[in-house]
Amino acid sequence: MKFLRFDPGSCCFPSPLVSPLPETPAWPSPARWSTPPARYSSANHFRHFTRGRYALREAFRLAGIGRHGVLLAPAYHCVTMLDPALALAADIHLYPLQADLSPDQAALESLLASIQKPVKALLATHYFGIAQDFSHLKAWCIDHDIALIEDCSHVLLTERFRASGTGIHGHFVTASPYKFFACADGGLLYAADAQRLDPVATTPAPLIEELRGLKNAVERSRGRKLPSGSSPSIDERLEFLSARKLDLGKDPLIDRDGPSSLFSVAAATTSSLRSSRFVVDHSSIDDNIRRRRENYQRWLRTVAAVPNCHALFPMLPADCTPYMFPLHIDHPNPHFHWLKHLGVPIWRWDEMASSTCAISLDYRLHLLHLPCHQALTESQMDWMTAAFEKTLRHVAKGVQ
């Protein structure tokens with residue numbers, strides 16, 4: 001496959017000053033600490049992995065993805081969504097998405113008609129914690145004898161809790177609990193029919209990895225320090241950045257047959273750490289949901305009056321637990337680069353398989369993923385929102 005891959009090596013971006021993911025566990029009150037919420041499904045419906053990408057690999061394998069079985073995947077994707085299929089030497093065909101990241105059903109039908117090999121599975125994603133209605137997609141997959149694999153890596157889904165409207169459509173469901181909790185790792189494979197998981201066997205992580213996970217959790221819980229009062233202000237930094245020539249890095253088109261360096265064959269069948277599962281099982285779900293929603297709403301209020309950008313999902317559904325806040329910016333050059341140089345924690349999926357989907361091509365460089373997790377402090381939110389407001393208002397020569 002051909003991939004567009006942004007290479008920031010020459011840009012010399014500093015490390016972010018705020019963690020994109022939670023680093024401090026949110027424990028419930030002592031009275032509830034030893035009584036986790038009831039499971040939404042029994043344990044034999046799940047298998048644990050170190051990351052969701054390895055749960056995806058098992059889902060793809062069980063669905064028949066490989067040299068003789070094709071995967072349909074969304075054109076807007078993280079590279080780790082395709083890595084498992086590439087590790088299985090499968091053909092991947094990308095289907096277009098609409099502006100709200102829902103599948104383009106008409107284009108999907110045309111794509112299916114053009115494929116010669118048997119299509120074994122379709123991957124469908126709930127992006128950023130906003131649940132999509134995949135009921136029609138499920139019916140379409142059943143009609144065409146295609147396994148629907150529901151990607152819940154952006155929604156709050158564990159053995160004990162399931163976000164509303166998610167995890168109910170797929171023949172297989174995958175999730176990434178570590179994105180919602182302050183734990184070292186965590187991936188889940190779920191099937192409503194537990195017998196589908198009988199061929200899946202995982203091995204426990206070795207003791208040294210368990211100890212390393214505990215050490216990392218302690219170190220991360222200390223948090224990161226924001227710039228002190230004596231450091232250059234945001235305005236001073238922006239003046240400095242806008243006065244110098246901007247290094248835009250490289251953005252080549254590359255050929256790749258196998259998975260990226262983010263995929264480890266050695267780790268593909270290893271279970272998540274017991275310490276990670278303990279954190280997930282005993283963290284406060286209520287606080288997690290409440291704080292994430294509050295921070296998402298804070299971002300909405302901030303960007304509502306800011307030029308050169310718009311929120312991808314300006315309305316937060318009542319039963320939604322957001323993973324991150326997706327913001328579309330008009331001018332990645334220079335605003336993305338300035339924000340990175342300020343140390344603002346922003347992600348974007350800038351390594352992506354080449355496709356003809358206009359939405360994915362645009363979102364690849366224009367759609368930023370901003371943290372809204374439960375461990376963010378008031379001062380961190382103040383600093384991040386101020387950095388965004390000042391940066392998006394700051395204009396360089398050639399940017400209108």
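Values below: every heavy atom of this structure, side chains too, minus hydrogens, waters and symmetry copies.
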Please identify each residue that fulfils side-chain contact (heavy atoms from CB on, under 4.5 Å) with Ala99, with sequence neighbours left out.
Ile359, Tyr363
Please determine whether a side-chain nitrogen of the Lys or Arg among Asp251 and Arg5 lies less than 4.0 Å from a carboxylate oxygen of the Asp or Glu.
no
Taking it one step at a time, do Tyr296 and Phe325 satisfy ring pair (Phe, Tyr, Trp, His ring centres under 6.0 Å)?
CA-CA 6 Å; Tyr296 191 100; Phe325 179 78; 4.9 Å; yes
For residues Ser284 and Asp286, is any side-chain donor paired with an opposing acceptor at under 3.5 Å?
no
Who passes side chain to side chain donor-acceptor pair (under 3.5 Å) against His48, sequence neighbours left out?
Glu159
Test of ring centre spacing under 6.0 Å for Trp338 and His341
no
Indicate whether any N or O donor in one side chain lies under 3.5 Å from an N or O acceptor in the other, for Asp319 and Ser164.
yes
Determine, for Asp255 against Lys2, whether the closest basic-nitrogen to carboxylate-oxygen distance falls under 4.0 angstrom.
yes
Evaluate the salt bridge (Lys or Arg N to Asp or Glu O under 4.0 Å) criterion for residues Glu209 and Arg212: first the C-alpha distance (whole Å), next the side-chain angles of each, then the deciding distance (0.1 Å), finally the verdict.
CA-CA 5 Å; Glu209 292 299 325; Arg212 188 176 290 119; 2.6 Å; yes
Return each pair, listed once, that meets ring-ring contact (aromatic ring centres under 6.0 Å, His included) where at least one residue sits in residues 88-119; pairs must be two or more places apart or across chains.
none
Using a 3.5 Å distance criterion without hydrogens, assess whether the side chain of Ser276 forms a donor-acceptor pair with backbone atoms of Ser272.
no
Hey, what do you get for CG (Asn295) to CG (Leu300), rounding to the nearest 0.5 Å?
11.5 Å
Under 3.5 Å, is there a donor-acceptor pair between the side chain of His154 and the main chain of Phe128?
yes
Are Tyr190 and Leu156 connected in a single hydrophobic cluster, I mean Ile/Leu/Val/Met/Phe/Trp/Tyr linked by side-chain heavy atoms less than 4.5 Å apart?
no
Ser360-Ser355 side chain donor-acceptor pair, cut-off 3.5 Å:
yes
Out of curiosity, Ile65 CD1 to Arg57 CZ, how far, rounded to the nearest 0.5 Å?
13.0 Å
